[in-house]
Amino acid sequence: MTEERIARISELTRLSRERELTDEEKVERAELRQEYLAAIRQSLEGQLDNTYIVSEDGTKRKVERHE
């Protein structure tokens, strides 16, 4: 997600505190928020894919995904 899109989310949030957002602005903010959350999830999944748990005996095991 680009810095411009994150800035737009912030701008819409700031506007919502000052006045009621238009229907178009509400839809745009919701879509941007979903995109932002997807980017966070993707980043976290990437980090967890490279995470290992080290036991006391020194053995390593990859973090498993539970759904």
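When reading the values below, keep in mind they use all heavy atoms of this one structure, side chains included, and skip hydrogens, waters and symmetry mates.
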[X]/[Y] ion pair, N-O < 4.0 Å:
| X | Y | answer |
| --- | --- | --- |
| Lys26 | Glu20 | yes |
| Arg19 | Glu25 | yes |
| Arg14 | Glu11 | no |

Tell me, with the steps shown, if Glu31 and Glu35 meet side-chain contact (heavy atoms from CB on, under 4.5 Å). CA-CA 6 Å; Glu31 289 173 352; Glu35 182 181 335; over 6 Å; no
Closest approach of Leu21 and Leu12, non-hydrogen atoms and distance? CD2-O, 3.7 Å
Between Ile53 and Val63, what is the shortest heavy-atom contact and its length?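 Shortest heavy-atom contact: CG1-CG2, 4.0 Å.
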Hey, quick one: are Ile40 and Leu32 part of the same hydrophobic cluster, counting side-chain heavy atoms closer than 4.5 Å, chains of contacts allowed? yes
Sidechain-backbone polar pair: [X] side chain, [Y] backbone, donor-acceptor under 3.5 Å:
| X | Y | value |
| --- | --- | --- |
| Lys62 | Asp49 | yes |
| Thr51 | Gln47 | yes |
| Thr13 | Ile9 | yes |

Could you check whether atom CD of Glu18 has more than 12 heavy atoms from other residues, nucleotides or ligands sitting under 6.0 Å from it? yes
Could you tell me the separation between the CD1 atom of Ile6 and the CD atom of Glu3, rounded to the nearest 0.5 Å? 5.0 Å
Given side chains that start at C-beta, do those of Glu28 and Arg8 come closer than 4.5 Å, heavy atoms only? yes
Please tell me if the side chains of Ser55 and Lys60 come closer than 4.5 Å, counting only heavy atoms from C-beta onward. no
